[in-house]
Amino acid sequence: MQSAVLVTAPIPQPALDTLRAADLDVRHYVAGPVMARDELLAQVRGVAGIYCLINDRIDGPVLDAAGPSLRVVSTMSVGYDHVDVRACAARGIAVGNTPGVLTETTADLALALLLATARRIPEAVASVHNGTWGAWKAEWMTGRDLFGGTVGIVGMGRIGQAVARRLVGFGCRLIYSGPAPKPEADALGAAFVPLPQLLAESDFVTLHCPLNAQTMHLINGATLAQMKPTAILINTTRGGVVDQDALYAALRAGTIAAAGLDVTTPEPLPPDHPLLTLPNCVVLPHIGSATIATRTRMAQMAAQNLIAGVRREPLPFAVIMRA
Ligand code: DGY
C-alpha cells in the first residue's frame with residue numbers, strides 16, 4: 001500500500017513530480033496558499049509525511065492528529081522555528097529543512113535592502129512616479145554610503161558569511177557577534193565582538209541569526225538605544241528577532257536612521273501597520289529566497305527529505321536538535 005503524505009500548499013511542479021514518482025499517495029492542498037488550522041488537523045490524519053511551508057505551525061496537536069503513522073516533517077525552508085522539533089524528536093519523527101541552497105540568494109537580498117535603505121531607493125522611485133522629482137538639487141534625496149561603512153553582522157552562519165563576502169567588495173569594515181567566533185570569518189577580515197560593541201560601532205547592523213528563545217526580541221528598545229542615530233538595521237531572518245513596536249518608536253524618534261525588513265510580525269504585515277507610514281522603513285514581503293532557481297531547489301530538497309523519511313532512511317538534510 002502507498003504511504004500517504006500531505007503537501008500543505010502549492011509548490012514548484014518538479015518537486016511534486018519527484019514525490020509522485022516515489023510511489024506516494026500525495027494529498028496536495030491547493031485551495032489556497034495556507035491551510036486553515038482545522039483543515040490541517042483533519043488532513044494530517046494517518047499520513048506518513050508532512051511537507052510544509054513556513055506558514056504551517058507543526059506542533060504537538062498536529063503530530064497527535066497525524067497519529068503513529070507519521071515518520072517525517074519536511075519543511076521547504078531553512079528556518080524551522082514553525083516546527084516543534086523537540087515534540088517531533090520525542091515521537092521519533094524526523095525533521096528536514098533546506099540549508100545551504102538559499103544562502104547566496106538571501107545574501108543578495110540583504111545587500112539589496114542595505115542599498116535600498118542607505119540610498120533611499122523606494123523613496124526615490126516614488127518621487128519619479130508622484131511628481132516630486134524636480135530640478136537636480138544639491139541636497140535632495142541624499143542617503144548614506146554603504147561603501148567604506150562598518151557593518152555589524154549578527155550571526156555569522158552561512159548567510160552571514162555570504163553577506164560578508166559581498167561586503168568585502170564594498171570596502172566595508174566587518175564586525176560580527178554570535179555565540180562563538182567563527183574560523184571562516186578570519187579570511188573575510190571580520191572581527192568577533194560582543195553585541196553591545198557591535199551595536200555601538202556599526203553604521204549598518206544586519207541580522208542573520210535564527211529565531212529561538214535566545215534571539216527573540218534581541219533587537220529591542222534597549223539594544224536599539226545602543227546603536228548610532230545614523231545607523232541602519234536590516235532584518236532578513238525572522239520578524240521575531242526584532243521588537244517591532246520598539247523599532248517603530250526608534251525610527252520615529254531618530255534613535256536609528258532607517259530599517260530594511262524582509263521579515264515582520266505578523267506576515268503579511270497589515271497594510272495599515274504603523275511601520276508602513278515611515279519613509280525610513282523599507283519593508284519587503286519575505287522574498288529573501290525568492291528566485292525561481294532557488295525556490296525550485298528548495299522544493300526538491302524538501303521532497304528528497306520527505307521521501308527518505310517515509311522510507312525510514314536518514315534524511316539528506318536533517319535538522320539536528322540542539323540540547
Ligand atoms: C527560510 O527558508 O527559512 C526562509 O525564510 C524562506 O525561504
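Atoms within a ligand are numbered from 1 in the order they appear, just like the ligands themselves. Both backbone and side-chain heavy atoms feed into the values below; hydrogens, waters and symmetry mates do not.
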Are any non-hydrogen side-chain atoms of V7 and R27 less than 4.5 angstrom apart?
no
Side chain to side chain, T236 and L261, heavy atoms closer than 4.5 Å
no
Criterion side-chain contact (heavy atoms from CB on, under 4.5 Å) against C209, the qualifying member of I153, T215, I159:
T215
What do we get for R238 next to ligand 1 when only non-hydrogen atoms under 4.0 Å count, side chain, backbone, both or neither?
side chain
Measure the shortest side-chain to side-chain distance between R165 and E104 over non-hydrogen atoms and say whether it is less than 4.5 angstrom.
yes
Which residue and atom name correspond to the protein heavy atom nearest atom 1 (C) of ligand 1, and how close is it?
V78 N, 3.4 Å
Between L102 and ligand 1, which residue portion shows a heavy-atom distance shorter than 4.0 Å: side chain, backbone, both, or neither?
side chain
When you measure from atom 7 (O) of ligand 1 to every protein heavy atom, which one gives the shortest distance, and what is it?
S289 OG, 2.5 Å
Beyond-backbone contact of E123 with N280, side-chain heavy atoms, under 4.5 angstrom
no
Return yes if some donor-acceptor pair links the side-chain N/O of D262 with the main-chain N/O of G288 below 3.5 Å, else return no.
yes
shortest atom 4 (C) of ligand 1-to-protein heavy-atom contact is with H286 NE2, 3.7 Å
Would you mind running through ligand 1 and noting each atom that sits below 4.0 Å from a heavy atom of S77?
1 (C), 2 (O), 3 (O)
Has M298 got any heavy atom lying under 4.0 angstrom from an atom of ligand 1?
yes
Suppose I only count heavy atoms of G79 and a 4.0 Å limit; which atoms of ligand 1 are within that range?
1 (C), 2 (O), 3 (O)
